[in-house]
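Data first, discussion second: the structure below is written as structure tokens.
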2 protein chains.
Amino acid sequence: MPRSRDNQQHQAFRERILEVARQQMAQHGTAGLGLRAIARELDVTAPALYRYFPTHDDLITALVVEGFTGLAEAVEGAQQANIHLPLRDQLREVLLAYRQWAVDHPIDFQMIYGSPIPGYHAPSEITVPIVIRGFAVIVGLIDGLLQSGQIQRETVYHHIPEPTRQILHERIERDNYPVSDTAMYMGVVGWGQLHGIIMLELFGHLGPVVGNVDAYYRGQVESLLVAMGSDPP
Amino acid sequence: MPRSRDNQQHQAFRERILEVARQQMAQHGTAGLGLRAIARELDVTAPALYRYFPTHDDLITALVVEGFTGLAEAVEGAQQANIHLPLRDQLREVLLAYRQWAVDHPIDFQMIYGSPIPGYHAPSEITVPIVIRGFAVIVGLIDGLLQSGQIQRETVYHHIPEPTRQILHERIERDNYPVSDTAMYMGVVGWGQLHGIIMLELFGHLGPVVGNVDAYYRGQVESLLVAMGSDPP
DNA sequence: AGGTTTCGATAAACAGTGTTTATTAAAGTG
DNA sequence: CACTTTAATAAACACTGTTTATCGAAACCT
């Protein structure tokens, strides 16, 4: 551990490393993420970086945490930016922002939700809490729609498979997160559905099939809201 | 190019390489996919493999093609195994088989639909046709359900966003694939939705949230069928 | 201020990797 | 047999992440 006064410089250089790492990744993909390459860019030898990150994996973990945080902030920001709109519109904008962040930061998104670095797997005790942060916004909005009666039409998503309901309920109680089981369930369902579209898009499988992915995603978000029981606009 | 008589031996050893590669990958993940490691296992030096695969990427591409083919065969097999059941049940079983293959061959699935090998991206002119092969089974079943009036309830998935409909229609005509636009659209929608669940599961993000992924997926398949307009069982 | 500790950075080396080159041995064909 | 083609090799190249021992400089404490 560095001494208290040096801590500032230490953290500053740590930030620079992450900055360069992110930049290199954006340019050359996850393949370009090399200790030596980063060191070169910083006019420093490779072993020097070990003072800041004990191992290569720790660097990646730091980037993953940054990524998750960025996604969570984008989602939260989207809600704040549309806080004056009706809940349904807020939810739509939040879901659009979710994909938009993925499109704008494809590498980060892959690193978060996939594992493009061979042999590396993000420690879930670190990732799970941050995933939930962005997730909470979505579920919160759904819960709001349910409570205010803006989702009243009964749909398939009102019937939760029993084993799933139990786990979801436990999670809600454990995290002390005041939403209904149904809201949580709908959140997970929507999350999964949209996640599939985004992943397919990111790896180039969806574009050739549906052409304009932007329009397609927009349509799917709207369909999701309707499928949940919200009235079409 | 090897001579005509040697061709047999050449192809045989090529197969052995792929076999070992697949095995190594299953054991040590995509990280364990190394030319030298494969060569060691085959009691051969690394450069020898270059007679069979010009480069590392070509080996991977061969594995990807094998993977896609395996998935397509699993899907087709699932339909054949349930050909005596009603169309709706056939579709359910096919969709369950789709995930089951992913669970049984997680590495292959990641390699197919993601890109866990840094710097490598599967050439779409090779992958797209094989993706469609498995996809065709699903769309075919949906089309059958639509034509036989087993999907008659109007749902959101009957209304296709115009830009998407155009592209889908072009694909159908170009590939001379005799299904309706609606069947194609529902196929894509379902594919995307379930793909999200599978990807989240494979990377360990879904398990902690829903507990029993098996039951959850089953429920989602059923929900999907209902959401498409098929009556609940 | 002086002595000691601590931190940052380094060069050198290790064990790997994918890939290229030149060379050798072994088959198949006329 | 001579000749060509193929397979495999050893050696080397340019990398990679990581460890070790070493050195200078700054920070702390007395």
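What you are looking at is a predicted structure, and each value in this text was computed from that prediction instead of being measured.
- The separation between A:His10 atom NE2 and D:dA27 atom P is 15 Å, rounded to whole Å.
- The nearest whole Å value for the distance from the OH atom in A:Tyr52 to the P atom in C:dC7 is 12 Å.
- The side chain to side chain contact (heavy atoms under 4.5 Å, CB included) test with B:Leu18 singles out one residue from B:Phe53, B:Phe13, B:Tyr52, and that residue is B:Phe53.
- Distances shown here put a side-chain N or O of A:Thr45 below 4.0 Å from the OP1 or OP2 atom of C:dT10.
- In this structure, CD of A:Gln9 is placed 9 Å from P of C:dA9, rounded to the nearest angstrom.
- Remark: A:Glu76 pairs with A:Arg133 by the side-chain hydrogen bond (donor to acceptor under 3.5 Å, both in side chains) rule, at least two apart or across chains.
- B:Asp143 and B:Ala183 get closest at one heavy-atom pair: OD1-CB, 3.5 Å.
- For the pair B:Phe13 CZ and D:dA7 C1', the computed distance is 10 Å after rounding to whole Å.
- The side-chain hydrogen bond (donor to acceptor under 3.5 Å, both in side chains) check on B:Gln220 picks up A:Tyr185, with sequence neighbours excluded.
- The CG atom of A:Leu49 sits 12 Å away from the P atom of D:dT16 (whole-angstrom rounding).
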(request) Determine, for nucleotides 17-23 of chain C in 5'-to-3' order, which nucleotides have protein heavy atoms under 4.0 Å from the base (write B), from only the sugar-phosphate (write S), or from neither (write -). (result) BBBB---
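- Counting to the nearest Å, the C1' atom of D:dA7 and the CZ atom of B:Phe53 are 15 Å from each other.
- Salt-bridge check for A:Arg22 with A:Asp108: failed, with every basic side-chain N at 4.0 Å or more from each acidic carboxylate O.
- Summarising the geometry of B:Tyr157 relative to A:Ser223, their closest heavy-atom pair is CE2-CB, 3.9 Å, with the distance given to 0.1 Å.
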